> 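Shown below is the structure under consideration.
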Amino acid sequence: MRQRLRFTHAVFAFLALLVAVLLPAAAPAQAYAGHPKLIVVVVIDQFRGDYLNRDRAEFKGRGFRLFMDEGAWFTDCYYDYANTKTAPGHATIGTGAYSDGHGIESNEFWDASRSWDHKVSSVEDERYQLVDLPAASIPANQPGAPADALKYVIGASPRNLRASTLGDELRLATQGRARVYGVSLKDRAAILPAGQAANGAFWIDTASGRFTTSTYYMEHLPEWARAFNEGDRPAQAAREALVEGTTQFYELVGRMPAANSYELDFAKSLINGEKLGQNGVTDLLVVSLSANDIQGHQFGPDSESEERMIRSLDRDLDSFNTWLDKTVGLGNVWLALTADHGIAPIPAEAAKLGIDSGTVNLEKLYAKLNAELNERFSKGQKAQYLMPGPELPYIVLDRRAFQKARIDEKAAEDAVAALLPEAVASQAPQPEGPLPAQHRLPPSPQFAGAYTRLELAHGELPPSELGRLLAHSYAEHGNWYVMLALGGYQMEDIRSWGATTHFSPWSYDRHVPLAFYGAPFAPGEYHERVAPVDLAATLASLAGINQPSASVGRVLTEALKPTRQATDH
Ligand SMILES: [Zn+2]
């Protein structure tokens, strides 16, 4: 009896094994062809499209040259929207959609449904917490915080994304077998391009430089990430940046070339630790390199600092690509390279060449608008009709003040938009005054247009290229606002925190690189006007999956090898 039982057990065990071996073959997941093994999208934060051409002669090895010489390089890629900021740019790269599709129009916004106390960031989410922070960085609202903890840091998630990403579609197409990750120094740049179904997104604790994530993804960092944090790598990056022992890692290491190799080393640990490219399906990693943006705001696109950063990044990408070749094999990988926005020259530098790069003092502008609005709606009072920030292009109205004065959204936004031309012009220097040194023209801020939230929402926009860009910029973000466009090469005066910025509908803010490397791509330099939305569309098409849910990108067929060659490798 016992013998027979054991025999029956053995038969059952054998049958169970047989079922386990045979069943997956019949499951729908197997229908997915699974090529390539890994897609890596490299995003350089604030990298203008002309940089690759400008520094071409300096590049060595298989860094940028892998894309330019052996890949399909699009020299004329422009964002087709008017809100050229980091969060919308990264969301666009992931989703193949603009703000009107993916729902992210700014890095932070006043969302009346969530808070009147602070601007909410595009990814902050109070329902989640940050994970495995070093003790000194644990904020007051989390267990284990030191007694003197002041910071109120909350978790993050892709809660505001309204569209799926390339990574989400890979996860859906493989019933969750594809592994999808995002990495950056910045939370928004790690989270948004990866998407809602991502396995993980990692960014740094700004004080220590250690990588963290949010409980949206996991309760604790994976072992490989803890090992990275606890090893010498954060300290090594600080040493390389000549700020050993710093507690301002993001600001001081983040603006140095050392930050790029730091991030890429973390990406290598991730690829090893999560065995990307070894899952029998296509995995995806998006790495957003933040350093160029942090230094670029301070020193501008034409500085020595920018030159050093680009050359050093070329070497870092060379060693990363070489490492990828040795581990996963470049024959099994598709690479894409792009950026989230460009940048304007420093206004004073542009002025030296004769450009009217006038700046607008926002404090004065807001004071003037408030005075006019009080004159009109609350004579003799000092009501504050505008919310402080965020940065241009948005001017956010305090709807509570308008409602108190019984002014509805249309009247309020129309009033602000109507006041803007004169308010901007009032900052021009007096015509009879002497010209500032090195200015051919007086640096006069030019009003280029103001568009209300209601006009954007209802598509009441000029039938022009600018109108199209504005329509793509719209997303509901929980408040009343007006979008302001200044003249080309003009910006708000940001001298309190930097030297130049990006926010506008003009070409230098919208021009970014777009390049691909991998078996399906016909190497060459392509001068068609393309857009960053084409990245996700093209990769989705080649991977044989659905395009992201709101994708408006074009499949870049001109850069593809003949079909069979492209898919069989
Ligand atoms: Zn950015």
Side-chain angles (χ1 to χ4, degrees), residues 41-51 77-95 98-99 102 104-109 119 121-124 156 158 160-161 182-194 201 203-204 206 250-251 254-257 259-260 263 286-301 303 305-306 309-310 313 336-346 389-394 473 475 491-492 494 497-514 531-533 535:
V41 177
V42 177
V43 183
I44 311 173
D45 202 311
Q46 189 193 119
F47 198 86
R48 221 170 47 199
D50 58 323
Y51 292 173
C77 178
Y78 289 82
Y79 278 89
D80 277 339
Y81 59 21
N83 49 321
T84 41
K85 305 294 266 187
T86 294
H90 281 85
T92 291
I93 292 163
T95 61
Y98 293 115
S99 298
H102 59 55
I104 308 285
E105 87 300 339
S106 194
N107 294 342
E108 51 181 19
F109 29 84
K119 296 182 283 267
S121 98
S122 58
V123 292
E124 77 176 56
N160 292 310
L161 262 185
V183 169
S184 177
L185 299 188
K186 306 179 181 182
D187 53 6
R188 56 185 178 272
I191 291 169
L192 296 173
W203 59 93
I204 63 162
T206 57
Y250 180 86
E251 292 80 5
R255 67 180 181 181
M256 301 298 280
N260 288 325
E263 270 192 58
V286 183
V287 185
S288 170
L289 300 165
S290 312
N292 203 52
D293 184 69
I294 303 170
Q295 73 84 32
H297 277 294
Q298 292 181 26
F299 305 108
S303 64
S305 171
E306 180 68 64
M309 183 70 78
I310 292 173
L313 180 52
L337 175 75
T338 191
D340 59 339
H341 50 75
I343 187 78
I346 293 174
E391 297 155 18
L392 291 183
Y394 296 101
S473 309
M491 63 184 67
E492 65 183 276
I494 58 155
W497 63 268
T500 184
T501 194
H502 48 87
F503 73 102
S504 81
W506 309 124
S507 66
Y508 47 83
D509 281 343
R510 293 164 45 212
H511 189 195
V512 292
L514 181 65
V533 288
L535 185 153

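Side chains are part of it too, since the values below use all heavy atoms of this structure and drop only hydrogens, waters and symmetry mates. Bear in mind the structure is a predicted one, so any value in this text is a computation, not a measurement. Remember, it's 1-based here, ligands and their atoms both numbered in the order they're listed.
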> Give me the ring orientation class for Y51 and F47: parallel if the planes are under 30° apart, tilted from 30 to 60°, perpendicular past 60°.
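Ring orientation of Y51 relative to F47: perpendicular.
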> Using the side chain to side chain donor-acceptor pair (under 3.5 Å) rule, pick out the option among R255, Q295, Q298 that qualifies with S305.
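Answer after filtering R255, Q295, Q298: Q295.
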> Which of the protein's N, O or S atoms come within less than 2.8 Å of the Zn ion (ligand 1), not counting waters?
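Per the 2.8 Å query on the Zn ion (ligand 1), atoms found are D45 OD1, T86 OG1, D340 OD2, H341 NE2.
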> Given side chains that start at C-beta, do those of E124 and D187 come closer than 4.5 Å, heavy atoms only?
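Side-chain contact under 4.5 Å: no.
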> Does any part of the side chain of V533, heavy atoms only, come nearer than 4.5 Å to the side chain of T92, both counted from C-beta?
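T92 vs V533: side chains touch.
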> Considering only heavy atoms from C-beta outward, does the side chain of P257 approach that of M309 to under 4.5 Å?
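A side-chain contact under 4.5 Å exists here.
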> Using a strict threshold of under 4.0 Å (side-chain N to carboxylate O), is an ion pair present between K85 and D340?
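Salt bridge: no.
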